[in-house]
There are 2 protein chains.
Amino acid sequence: MSITIKDVARQAGVSIATVSRIVNGQKGYGEKTKERVLKTIEELGYTPNAIARGLVGRETKSIGVLLPKLSGLFASKLLEGMEETARNEGYSLFVCHTDSKEDRAIQDLQVLKEKQVDGIIYASDQLSESQGQMLNSMVCPAVFVSTQSLTHPFPYVKVDDYQAACTGTRYLIEKGHKQIAFIGGSLEDPIAGKPRDEGFRRTMKDHHLKVEESLTAYGDFRFQSGKESFKNILKAEKPFTAVFAVSDEMAAGVLSAAYEQGISVPDDISVLGYDNTMAAEMAIPPLTTMAQPLEEMGQKAVELILSLRENKENINKNEIVKHRLIERKSVLERSKTKGLFL
Amino acid sequence: MSITIKDVARQAGVSIATVSRIVNGQKGYGEKTKERVLKTIEELGYTPNAIARGLVGRETKSIGVLLPKLSGLFASKLLEGMEETARNEGYSLFVCHTDSKEDRAIQDLQVLKEKQVDGIIYASDQLSESQGQMLNSMVCPAVFVSTQSLTHPFPYVKVDDYQAACTGTRYLIEKGHKQIAFIGGSLEDPIAGKPRDEGFRRTMKDHHLKVEESLTAYGDFRFQSGKESFKNILKAEKPFTAVFAVSDEMAAGVLSAAYEQGISVPDDISVLGYDNTMAAEMAIPPLTTMAQPLEEMGQKAVELILSLRENKENINKNEIVKHRLIERKSVLERSKTKGLFL
DNA sequence: TCCTTTTACGTAAACGTTTACTCTTTTTAA
DNA sequence: TTAAAAAGAGTAAACGTTTACGTAAAAGGA
């Protein structure tokens, strides 16, 4: 069907080896030959076949990405960072939506293995035991982004969630808040759930503040769960002046629930988010939030993959990226907010 | 390095042809041989090499997707629909972020061609002349989703934007609104920009309503442009009671600008969005919006690709999917809204 | 000048599959 | 029983590259 290197070779009256060398910018041919071949390539509209290349060269210039959720601002921002870097390095991205389902992820890993990807990026989800085993059995490097695994020590790039939660909580406290509600991720999640909870509790304790259990709730980082969590917190009718939700989507959920109940943010209560996705920008009021540098993380993840491909020796390639508090409009000083159930 | 079909064959004492047949579920071997080979495969942990398969079978089970923007709810919802269907059919997705840049898209197309994808999905952006030529020169089928091209008639799946804009406008009019502001996409965009504008104007005219030009503005479908467009509209100080923004992100932008100006939605003005992404759900108030069935569109797009691969003959494969108005809280009847500058 | 090195190529093997042909052996049908 | 058909298996070519190796001619050095 399509034009191959053989066609070019025949047409230009040279061997395929010469064409190959010219195409790949190696040396071993004269200037005139080069021009003739290049012209033939142009005329015939020859495009090298990356599949054939991949077979002999044993690299495919493609990277597999596993994401629990594709829709959602978190994933897309991460993905954008990866795409940009991958593209610049000549790589393409296979993106897979695991939906946090064990079997889907396994299937994805299997497919990526068959497709001989040069690396795998496992993003923002917990790794199960069997997934870890699959990852280990792969010949290509794997890295985590915005997650990690205690049992399977692949390199990761993430923020220090514990510290970030501390920073966020401290920020609220410094603004004068003492009665703070908390909406976390699942405590069963040892990576993104537990540490943020611990950071929150630790910081409260360090400031001799009590965390009222009925002011805590745990969701799945998504909008709806934030909304419901906040409604539950409201039911307790315990006094509070601020709420820390550990994802912007959940924070948007509290904004939404608050709006339904006629509670004003930030006049009645302050709300602090986490992630700094577009949800934070678009929210009303715009969310003050603990930023994760998601594009940068995506970028670092593919850079990490690439560097692992070169130096097989790679102890301690982990990257802790810096979190940063972005002030917008959803948090006010204690003195300026009314509070609820006081 | 890794285990190949040869290793399996040798170990099991059969030829590679037999292993191949067994792996691919063809026939031509005995039950006992099959079991022995399967056991060997298990023991050795053999995984077929899709690259080699792709070379001989001339299909790669992968599809390239070109999106102007990865971050953003629109793209991610579309992508989720595609991924689901692709996965079920055994395909993987290469996703590319063109950023609406001519050269990036060309580069992407080139790479996808080299990687021998089985199909290309071009999403939600205008096709340039040279991109169209590249698409034509590809051996694999290409389809549009949420866009189309007048000069390059590839099959597409999209809503009828003109009709959808009509429906949206009519909805507002039926609610009693007469002075309606409009925030459209670029009029230079003959696919997603112009038709919505025309639908709006036509419907206004059909109802003997005047469109006040200073109440119209044109953005790029993104949040910021919606925000700025609305601020410009405000500057005109012309009376209006509702605004129709042709993307949820832009509608969220008007919500945001309105909030900043102390304008209440929906008490002062009604706002109608377009797309029905999560932005509409999360907005405050939740947006009434013209829904595009994005997952379904993603699904249809890959189905279309797949069907094009079988029947080479494919006249009129276009799919117009149904738009639908989703009522939430951002539009009120005229009698219940105060309006601005009256 | 002659020998050595470099340059400019061509040949052919390899990469891991699938598949069209073979060739036996077994089963089926008459 | 026997011819025909089916089943079970192997051989080898092909897919489109890259690359190690070989070789002849050109260039360089003394």
Side-chain angles (χ1 to χ4, degrees), chain A residues 1-38 40-41 44-62 90 111-118 139-140, chain B residues 1-38 40-41 44-62 90 111-118 139-140:
Chain A
M1 278 330 89
S2 55
I3 311 293
T4 76
I5 201 174
K6 284 183 196 165
D7 300 314
V8 176
R10 181 160 11 90
Q11 179 86 3
V14 296
S15 75
I16 60 171
T18 299
V19 178
S20 175
R21 281 186 284 251
I22 291 172
V23 169
N24 294 293
Q26 288 154 312
K27 52 184 180 176
Y29 46 83
E31 192 57 29
K32 308 183 62 172
T33 319
K34 176 179 174 183
E35 271 167 31
R36 184 156 32 95
V37 168
L38 252 22
T40 316
I41 286 177
L44 264 40
Y46 165 70
T47 302
N49 182 326
I51 296 298
R53 274 185 174 166
L55 187 56
V56 36
R58 18 197 27 45
E59 68 166 1
T60 56
K61 295 280 181 188
S62 55
V111 169
L112 292 175
K113 189 174 186 178
E114 294 185 5
K115 295 225 165 107
Q116 314 288 124
V117 293
D118 295 339
V139 292
C140 68
Chain B
M1 283 331 87
S2 55
I3 310 293
T4 76
I5 201 174
K6 285 184 196 164
D7 301 314
V8 176
R10 182 160 11 89
Q11 179 86 5
V14 297
S15 76
I16 60 170
T18 299
V19 178
S20 176
R21 282 186 286 251
I22 291 172
V23 168
N24 293 294
Q26 288 153 308
K27 50 184 179 174
Y29 47 82
E31 192 58 28
K32 307 185 63 171
T33 320
K34 175 179 176 184
E35 270 167 30
R36 184 156 34 95
V37 169
L38 252 23
T40 318
I41 286 177
L44 263 40
Y46 165 70
T47 302
N49 182 327
I51 296 298
R53 276 184 172 166
L55 187 54
V56 37
R58 15 195 29 51
E59 68 165 2
T60 55
K61 294 279 181 188
S62 55
V111 169
L112 293 175
K113 188 174 186 178
E114 293 186 6
K115 295 223 165 110
Q116 315 288 124
V117 294
D118 294 339
V139 292
C140 68

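First the proteins, then the strands, lettered A, B, ... as listed; each starts at 1.
Between A:S20 and D:dT18 there is a side-chain polar atom (N or O) within less than 4.0 angstrom of OP1 or OP2. Residue A:S15 places at least one side-chain N or O closer than 4.0 Å to OP1 or OP2 of C:dG10.
Taking atom CD1 of A:I22 as the reference point, atom P of D:dT19 lies 15 Å away to the nearest angstrom. Residue B:K115 contributes atom NZ, which lies 16 Å from atom C1' of D:dT17 at whole-angstrom precision. Here C:dG16 presents its C1' atom at 17 Å from CD of A:E59, a figure rounded to the nearest Å. As a whole-Å value, the separation of A:I16 CD1 from C:dC9 C1' is 13 Å.
B:Y46 and B:I3 get closest at one heavy-atom pair: CD1-O, 3.5 Å. Residue B:L44 comes nearest to B:Q11 through the heavy atom pair CD2-CB, 4.1 Å, listed as atom of the first residue, atom of the second, then distance. Taking both residues in full, the closest heavy atoms of B:V139 and A:S2 are given as CG1-CB, 4.3 Å, listed atom of the first, atom of the second, then distance. Of all heavy-atom pairs between A:V37 and A:A12, the closest is CG2-CB, 4.1 Å. The nearest pair of heavy atoms linking B:T40 to B:V8 is CG2-O, 4.0 Å. For the pair A:E114 and B:R53, the tightest heavy-atom approach, listed with the atom from each and the gap, is OE1-NH1, 4.2 Å.
Partners of A:I16 according to the side-chain contact (heavy atoms from CB on, under 4.5 Å) rule, which considers only residues two or more places apart in sequence or in another chain, are A:I5, A:K6, A:A9.
Within the structure, salt bridge (charged side-chain N to carboxylate O under 4.0 Å, His left out) contacts touching residues 13-36 of chain B (residues at least two apart or in different chains) do not occur. For the salt bridge (charged side-chain N to carboxylate O under 4.0 Å, His left out) condition, the pairs that include at least one residue of residues 8-17 of chain A, sequence neighbours left out, are A:D7-A:R10.
Residue B:T4 places its side chain closer to C:dG16 than to any other of C:dG16, D:dT18, C:dG10. In this structure, of D:dC15, C:dT17, D:dG10, it is D:dC15 that holds the atom nearest to the side chain of A:K6.
Interface remark: the A:R58 side chain does not form any donor-acceptor pair with the C:dG16 base, using a distance-only criterion of under 3.5 Å.
Within residues 26-37 of chain B, the residues having any heavy atom closer than 4.0 Å to DNA chain D are, in order of number, B:G28, B:Y29, B:G30, B:T33. Contacts with DNA chain C (heavy atom under 4.0 Å) in residues 48-56 of chain B: B:P48, B:N49, B:A52, B:R53, B:V56, listed by number.
The distance from atom CG of A:N49 to atom OG1 of B:T60, rounded to the nearest 0.5 Å, is 9.5 Å. Within the model, atoms OG1 of B:T47 and CD of A:Q116 stand 8.5 Å from one another, a figure rounded to the nearest 0.5 Å.
One end of the helix from C:dT1-D:dA30 to C:dA30-D:dT1 points its axis 30° away from the other end's axis, with each axis taken from 5 pairs and the angle rounded to 10°.
Sequence order on DNA chain C of the closest nucleotides to A:R21 and B:R21 puts A:R21 first from the 5' end.
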